[in-house]
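Remarks on the structure that follows.
Start at 1 with the first residue, then count along the sequence. Heavy-atom basis, side chains included; hydrogens, waters and symmetry copies ignored. Owing to the predicted nature of the structure, the values given are computational and were not obtained by experimental measurement.
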Amino acid sequence: MTHGDSPGPAGKGPRSVPRPKRLEHLRVDPRGYPIIATTSQAPGDVDFGALSEPRKLALATFDLCAVCALPFGEELRWQVSFDEAMAKAATLVSNEAPVHGICALYAAQVCPFVSSPYARHGDELRKGMKRPAVTFLTGFRRTARVFGRRSGLQTSESVLHFETTDVEQRLTLSTSAEAIEAYQRALEADTDVVVDDIEREVVTRLTEPTIEEGEDSGSVMAGAAWFVGGAFCPGISTVQGMQRFAGDPMYTTLARRVLLAPGFAKKFEETEDLYTRAAVKWLNSREHLPEILANWRRTALNRAQRGEVSAGKGSGGDLKKSKRKLQSAARRKNRR
């Protein structure tokens with residue numbers, strides 16, 4: 001869900017539309033647009049025009065909304081589409097991560113690409129093409145799969161795809177009046193998303209800038225997600241932005257040890273890296289993992305039991321060495 005290019009009349013300005021409570025923690029740009037969870041946001045360089053693949057990996061791993069970065073819990077996972085056939089399908093596969101219903105309706109008010117019937121695509125292959133006038137919103141009960149594969153727009157590039165299924169609600173927005181009415185109803189029914197302190201730390205690490213590191217916090221958080229199971233996402237090694245993790249054996253070796261070596265994940269909480277610490281504490285404190293992450297880890301565990309994956313040499317004696325290696329790598333990347 002990107003802002004895109006919108007040279008014609010758009011929806012309401014962001015400052016004139018009340019934000020849902022669940023967006024209050026997000027920073028805003030000088031125009032008043034909330035900096036949403038999928039937006040690449042290196043210090044001083046917020047890019048509303050593109051989806052960040054590392055951020056999408058973090059969202060999939062921790063089961064977070066692509067707008068507000070808060071957990072889905074029992075809420076539906078909504079996808080926005082401009083294609084009626086896709087919107088009416090029982091299962092939808094999209095390169096955009098799902099969102100809360102109220103976050104989708106807020107975007108229908110303020111995001112130029114979603115809100116404006118005059119909006120045009122901004123990517124290189126469709127630049128200048130006008131998007132369809134009708135907006136379809138579909139609420140799914142489950143995210144069934146997340147995997148990397150080639151993009152339908154840029155066949156030489158791989159991106160993460162989200163397969164959502166079990167449709168429970170559908171909305172069709174043909175006019176701005178319909179969008180306003182739907183959003184008002186959602187605001188009136190909205191409730192706070194309750195998160196514990198450990199979940200809040202994950203959200204904070206993902207949405208706040210990394211001034212000391214000088215890079216997008218989403219890229220750093222993707223590395224932390226890699227350790228707790230993102231490494232086992234199908235097709236992840238070929239996805240844009242993942243070469244830094246897939247190409248460094250340390251990342252996957254530590255991910256395997258977190259999965260397989262008894263006690264390693266608990267000890268790993270002692271790392272000095274804020275992002276890894278937040279992710280591992282989250283992993284260790286969950287009674288039930290999100291379906292996607294649980295499936296990734298289960299598949300990797302089954303492979304290990306068949307002898308296809310090893311935990312690395314040793315189980316306890318190498319812990320300090322592994323921690324030192326991680327911290328050394330963090331320092332090389334200017335991370336604290």
So, using side chain to side chain contact (heavy atoms under 4.5 Å, CB included) as the criterion, who are the partners of Leu301 when residues are at least two apart?
Leu260, Gln305
Taken in chain and number order and not counting sequence neighbours, the residues that satisfy side chain to side chain contact (heavy atoms under 4.5 Å, CB included) with Arg286 are Asp196, Ile198, Glu199, Trp282, Leu289
Hey, is [X] close enough to [Y] for a salt bridge, meaning N to O under 4.0 Å?
X: Arg244; Y: Glu215; result: yes
X: Arg145; Y: Glu291; result: no
X: Arg185; Y: Glu188; result: no

Atom CG in Leu23, atom CG in Asp190: separation rounded to 0.5 Å?
9.5 Å
Mind checking side-chain hydrogen bond (donor to acceptor under 3.5 Å, both in side chains) for Lys21 and listing every partner two or more places apart, or none if nothing turns up?
none
With heavy-atom distances below 4.5 Å as the criterion, would you say the side chains of [X] and [Y] are in contact?
X: Phe140; Y: Leu76; answer: no
X: Pro98; Y: Trp78; answer: no
X: Leu57; Y: Met242; answer: yes
X: Pro290; Y: Trp296; answer: no

For [X] versus [Y], what's the shortest heavy-atom pair and its separation?
X: Thr172; Y: Glu178; value: O-OE1, 3.5 Å
X: Pro18; Y: Leu187; value: CG-CD1, 3.8 Å
X: Cys103; Y: Val99; value: CB-CB, 4.4 Å
X: Thr61; Y: Ala225; value: OG1-CB, 3.6 Å
X: Cys233; Y: Leu160; value: SG-CD2, 3.8 Å
X: Pro14; Y: Tyr106; value: O-OH, 4.3 Å

Hydrophobic clustering (ILVMFWY, side-chain heavy atoms < 4.5 Å, transitive) - are [Y] and [X] grouped together?
X: Val167; Y: Met86; result: yes
X: Leu105; Y: Phe82; result: yes
X: Met250; Y: Val280; result: yes
X: Val17; Y: Val80; result: yes

Tracing side-chain links under 4.5 Å among I, L, V, M, F, W and Y, which residues wind up in one group with Phe147?
Val93
Working note: Glu269 + Lys281, criterion salt bridge (charged side-chain N to carboxylate O under 4.0 Å, His left out); need CA distance, chi angles, decisive distance, verdict.
CA-CA 6 Å; Glu269 291 184 10; Lys281 282 188 175 182; 5.3 Å; no
So, [X] versus [Y]: side-chain donor-acceptor pair below 3.5 Å or not?
X: Arg55; Y: Ser217; answer: yes
X: Thr91; Y: Thr165; answer: yes
X: Thr143; Y: Arg77; answer: yes

Quick one: list whatever passes ring pair (Phe, Tyr, Trp, His ring centres under 6.0 Å) with Phe72, sequence neighbours left out.
His100
Check the pair Arg22, Glu75 against salt bridge (charged side-chain N to carboxylate O under 4.0 Å, His left out), reporting the backbone distance first and the verdict last.
CA-CA 13 Å; Arg22 64 188 66 194; Glu75 293 190 42; 3.1 Å; yes
What residues form a salt bridge (Lys or Arg N to Asp or Glu O under 4.0 Å) with Arg19, not counting sequence neighbours?
none
Can the ring centroids of Phe227 and Tyr251 be said to lie less than 6.0 angstrom from one another?
yes
Examine Arg205 relative to Tyr275 and say whether NZ or CZ is less than 6.0 Å from the centre of the six-membered ring and inside a 45° cone about the ring axis.
yes
Answer yes or no: is there a donor N or O on one side and an acceptor on the other, between the side chain of His25 and the main chain of Leu70, under 3.5 Å?
no
